[in-house]
Amino acid sequence: MARARRIGILTAGGDSPGLNAAIRGIGKAAIGQYGMEVVGFRDGFRGLAEDRSVWLGRRLSGILTKGGTILGTSRDKPHRMLVGGEVVDMTGAVIRTYEKHRLDALVCLGGGGTAKNALRLVRAGLKVITLPKTIDNDVVMTDASFGFATALDIATDAIDRLHSTAHSHHRIIVVETMGHRAGWLTLAAGLAGGADVILIPEIPYDAASIAAAIGRRVRAGSNFSIVAVAESARNTEDAGVYRQAEARKRAASTPEQVMAAIGALATVEAAHAGNTIRLASQLEALTGLESRVTILGYVQRGGTPSAADRLLATRLGSAGADLVNAGVFGVMVAARGEGTEPVPLEQVAGKHRPVPLDHPWVLAARHVGTCLGD
Ligand code: F6P
């Protein structure tokens with residue numbers, strides 16, 4: 001009798017609500033529908049390189065509603081992993097683990113960076129598919145990624161709560177939301193929560209324009225304001241410096257140029273730390289209204305996934321098992337309308353999806369009179 005086919009699963013990058021629902025979706029479909037075996041690898045690509053695994057069978061029950069990932073995660077890359085204080089190419093070790101466990105496929109749950117690492121493994125001869133997860137909503141070629149809906153609910157609830165205290169104290173409350181390079185979460189939560197000002201990295205801001213908008217609200221009788229700011233939002237001057245540093249990195253060709261460009265970008269990013277606090281002080285000085293800051297941080301990624309994320313993760317996971325069964329590899333399982341679609345990893349790897357300036361959410365925000373900082 002032929003042995004059962006075997007799937008490996010790992011979760012990589014920052015954790016996102018819905019990861020466990022997706023692990024369960026793939027695992028239950030693979031075992032229940034196709035008689036496969038399922039093994040999980042701990043802590044992303046690091047666990048695969050170090051051969052740290054766990055059988056997923058009975059462990060798939062009772063995890064649908066759990067936050068985080070039962071497998072653990074890391075931002076390690078197979079080809080550049082810190083081992084004993086040195087950066088080592090662990091691709092060979094990853095392949096050895098894959099072969100030792102006699103895997104027929106590897107399913108990686110992650111964002112654009114994970115897709116890039118997965119594509120490297122495909123090129124090294126492994127059979128890999130990915131599922132899109134991120135609270136940032138910035139994975140290309142998919143209608144949705146799990147994690148975003150939950151983070152949006154949490155951030156919106158926070159903005160709702162901040163309204164009553166801002167109103168009572170006649171204050172400006174600047175609330176910082178996550179979003180490494182994209183403003184989807186801030187824009188959506190700001191719209192849903194009725195923020196008066198929404199600042200996203202795609203639209204560089206001018207503090208004087210924000211202060212003017214807050215001033216107009218005061219003259220109209222509202223002496224409080226909620227400013228929703230993405231962690232990566234920048235004023236026009238800083239945005240120019242950041243764009244230049246990014247362009248330099250893209251243009252770098254020799255290893256020396258790449259290292260120098262990475263260093264320069266890291267310096268620019270380090271200088272950005274504390275930006276939200278500086279903005280709040282600036283607005284206080286410009287408007288004369290007392291200002292406070294709330295940084296939502298990791299609260300947005302923690303805890304129970306929303307119903308929408310459980311649904312998305314389950315259908316992407318079960319579609320992933322179907323693709324493995326059909327022998328379709330080198331793809332991301334994208335959400336398309338009510339269904340799913342395999343998208344070649346080449347079209348996803350290392351890419352990210354910023355908010356288009358003419359996106360309906362941007363237009364709706366402008367139409368209801370929200371200041372976008374420009
Ligand atoms: O990509 C998801 C995300 O939560 C970003 O919004 C945030 O900038 C980043 O991860 C934080 O990463 P870490 O967990 O490494 O601090």
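Other residues, nucleotides and ligands place more than 12 heavy atoms under 6.0 Å from the NZ atom of Lys28. Applying the 6.0 Å contact sphere to CZ of Arg278 captures more than 12 heavy atoms from other residues, nucleotides or ligands. Within a 6.0 Å sphere centred on NZ of Lys351, other residues, nucleotides and ligands contribute more than 12 heavy atoms. Environment of NE2 in His167: sparse, with no more than 12 heavy atoms of neighbouring residues, nucleotides or ligands closer than 6.0 Å. Within 6.0 Å of CZ in Arg102 there are 12 or fewer heavy atoms belonging to other residues, nucleotides or ligands.
Counting only heavy atoms from C-beta outward, the side chains of Leu109 and Thr114 never approach each other to under 4.5 Å. Counting heavy atoms from C-beta outward, Val343 and Val331 have side chains that stay 4.5 Å or more apart. With a 4.5 Å cut-off on side-chain heavy atoms, His163 and Phe224 count as touching. Under the 4.5 Å side-chain criterion, counting only non-hydrogen atoms from C-beta, Leu119 is not in contact with Lys116. When side chains are defined from C-beta on, Val94 counts as touching Leu121, because their heavy atoms get closer than 4.5 Å. Side-chain contact between Thr370 and Val197 is absent, with no heavy atoms from C-beta onward closer than 4.5 Å. A 4.5 Å side-chain heavy-atom check between Pro305 and Arg310 finds at least one atom pair inside the cut-off. With a 4.5 Å cut-off on side-chain heavy atoms, Phe146 and Leu316 count as touching.
Considering CD1 of Ile214 and OG of Ser225, their distance stands at 4.5 Å, rounded to 0.5 Å. Distance check: Leu312 CG to Asp143 CG gives 9.5 Å after rounding to the nearest 0.5 Å. Summarising the geometry, atom CG belonging to Leu279 is positioned 7.0 Å from atom OG1 belonging to Thr276; distances are rounded to the nearest 0.5 Å. In this structure, SG in Cys108 is found 10.0 Å from CD1 in Ile9, a value given to the nearest 0.5 Å. How far CD of Glu290 is from CD1 of Ile173: 10.0 Å, rounded to the nearest 0.5 Å. Separation of atoms CG (Asp374) and CD (Glu202) is listed at 12.0 Å; rounding is to 0.5 Å.
One N or O on the side chain of Asp196 and one on the backbone of Ile226 form a donor-acceptor pair closer than 3.5 Å. Judged purely by atom type and a 3.5 angstrom limit, Glu284 uses its side chain to pair as donor or acceptor with the backbone of Ser291. Although no hydrogens or angles enter the test, the distance criterion places a donor-acceptor pair under 3.5 Å between the side chain of Lys133 and the main chain of Gly14. Without hydrogens or angle criteria, Thr165 side chain to Leu162 main chain gives no donor-acceptor distance under 3.5 Å. A donor-acceptor contact shorter than 3.5 Å links the side chain of Ser281 to the backbone of Ile277. The backbone N or O of His272 sits nowhere less than 3.5 Å from a side-chain atom of Tyr242 that would complete a donor-acceptor pair. In this structure, the side chain of Thr156 engages the main chain of Leu152 through a donor-acceptor pair within 3.5 Å. Between the side chain of Arg59 and the backbone N or O of Trp55 there is at least one donor-acceptor pair closer than 3.5 Å.
For the 3.5 Å distance criterion, the side chains of Asn223 and Arg217 fail to qualify, holding no donor opposite an acceptor. Using a 3.5 Å distance cut-off with no hydrogens or angles, the side chains of Thr186 and Thr177 do pair a donor with an acceptor.
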Problem set entry | side chain to side chain contact (heavy atoms under 4.5 Å, CB included) between Ile200 and Leu372, worked out | CA-CA 8 Å; Ile200 60 176; Leu372 297 183; over 6 Å; no
Problem set entry | Full working for side chain to side chain contact (heavy atoms under 4.5 Å, CB included) between Asp43 and Thr73 | CA-CA 4 Å; Asp43 305 332; Thr73 187; over 6 Å; no
For this session: Please step through side chain to side chain contact (heavy atoms under 4.5 Å, CB included) for the pair Asp104 and Arg3, ending with a clear verdict.
Result: CA-CA 11 Å; Asp104 295 289; Arg3 71 171 180 90; 3.6 Å; yes
Problem set entry | Full working for side chain to side chain contact (heavy atoms under 4.5 Å, CB included) between Arg120 and Thr91 | CA-CA 9 Å; Arg120 284 195 184 97; Thr91 308; over 6 Å; no
Exercise. Checking ring pair (Phe, Tyr, Trp, His ring centres under 6.0 Å) for the pair His101/Phe41: CA distance, chi angles, key distance, verdict?
Worked result: CA-CA 11 Å; His101 287 266; Phe41 291 91; 5.2 Å; yes
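The aromatic rings of Phe148 and Trp361 lie parallel to each other, their planes meeting at an angle below 30°, with 60° marking the opposite boundary.
The two residues Glu346 and Arg123 come nearest to each other via the heavy atoms CG-NH2, 3.8 Å. Taking each heavy atom of Ser53 and Val39 in turn, the nearest pair found is CB-CG2, 3.8 Å. The shortest non-hydrogen separation linking Arg353 to Val139 is NE-O, 3.5 Å. Between Ala22 and Leu131, the closest heavy-atom pair is CB-CD2, 4.1 Å. Here the closest non-hydrogen pair linking Leu64 and Ala21 is CD1-CB, 3.7 Å. Closest heavy-atom contact between Ile210 and Cys371: CA-SG, 4.1 Å.
Linking Ile, Leu, Val, Met, Phe, Trp and Tyr whenever their side-chain heavy atoms come within less than 4.5 Å leaves Leu103 and Val324 in two separate clusters. By the criterion of side-chain heavy atoms lying less than 4.5 angstrom apart, applied directly or through intervening Ile, Leu, Val, Met, Phe, Trp or Tyr residues, Leu106 is grouped together with Leu345 in one hydrophobic cluster. A single hydrophobic cluster is seen to contain both Leu56 and Ile7, as judged by linkage of ILVMFWY side chains at heavy-atom distances under 4.5 Å, directly or through other members. Linking ILVMFWY side-chain heavy atoms closer than 4.5 Å, directly or via other members, places Leu10 and Val83 in a single hydrophobic cluster. Cluster annotation: Val241 is not connected to Leu199 through the hydrophobic network of ILVMFWY side chains, with a link wherever side-chain heavy atoms come within less than 4.5 Å.
Within the structure, side-chain hydrogen bond (donor to acceptor under 3.5 Å, both in side chains) contacts touching residues 298-309 (residues at least two apart or in different chains) are Asp15-Arg301, Thr150-Ser306, Thr150-Asp309.
The existence of a salt bridge linking Asp138 and Arg181 is excluded, since no basic side-chain nitrogen approaches an acidic carboxylate oxygen closer than 4.0 Å. For Asp89 and Arg80, the salt-bridge test fails: no basic side-chain N is under 4.0 Å from an acidic carboxylate O. The pair Asp76-Arg46 counts as a salt bridge, with a side-chain nitrogen and a carboxylate oxygen less than 4.0 angstrom apart.
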Listing, residues 255-268 side-chain donor-acceptor contacts under 3.5 Å, not counting sequence neighbours, or none:
from   : atom 1 : to     : atom 2 : distance (Å)
Gln257 : OE1    : Ser253 : N      : 2.8
Gln257 : OE1    : Ser253 : OG     : 3.1
Gln257 : OE1    : Thr254 : N      : 3.2
Thr267 : OG1    : Gly263 : O      : 2.9

Sequence neighbours left out, cut at 3.5 Å: what donor-acceptor pairs do the side chains of residues 229-236 make with other protein atoms?
from   : atom 1 : to     : atom 2 : distance (Å)
Glu231 : OE2    : Gly179 : N      : 2.9
Glu231 : OE2    : His180 : N      : 3.3
Ser232 : OG     : Gly179 : O      : 2.7
Ser232 : OG     : His180 : O      : 3.4
Arg234 : NH1    : Ser232 : O      : 3.2
Asn235 : OD1    : Glu237 : N      : 3.2
Asn235 : OD1    : Asp238 : N      : 2.8

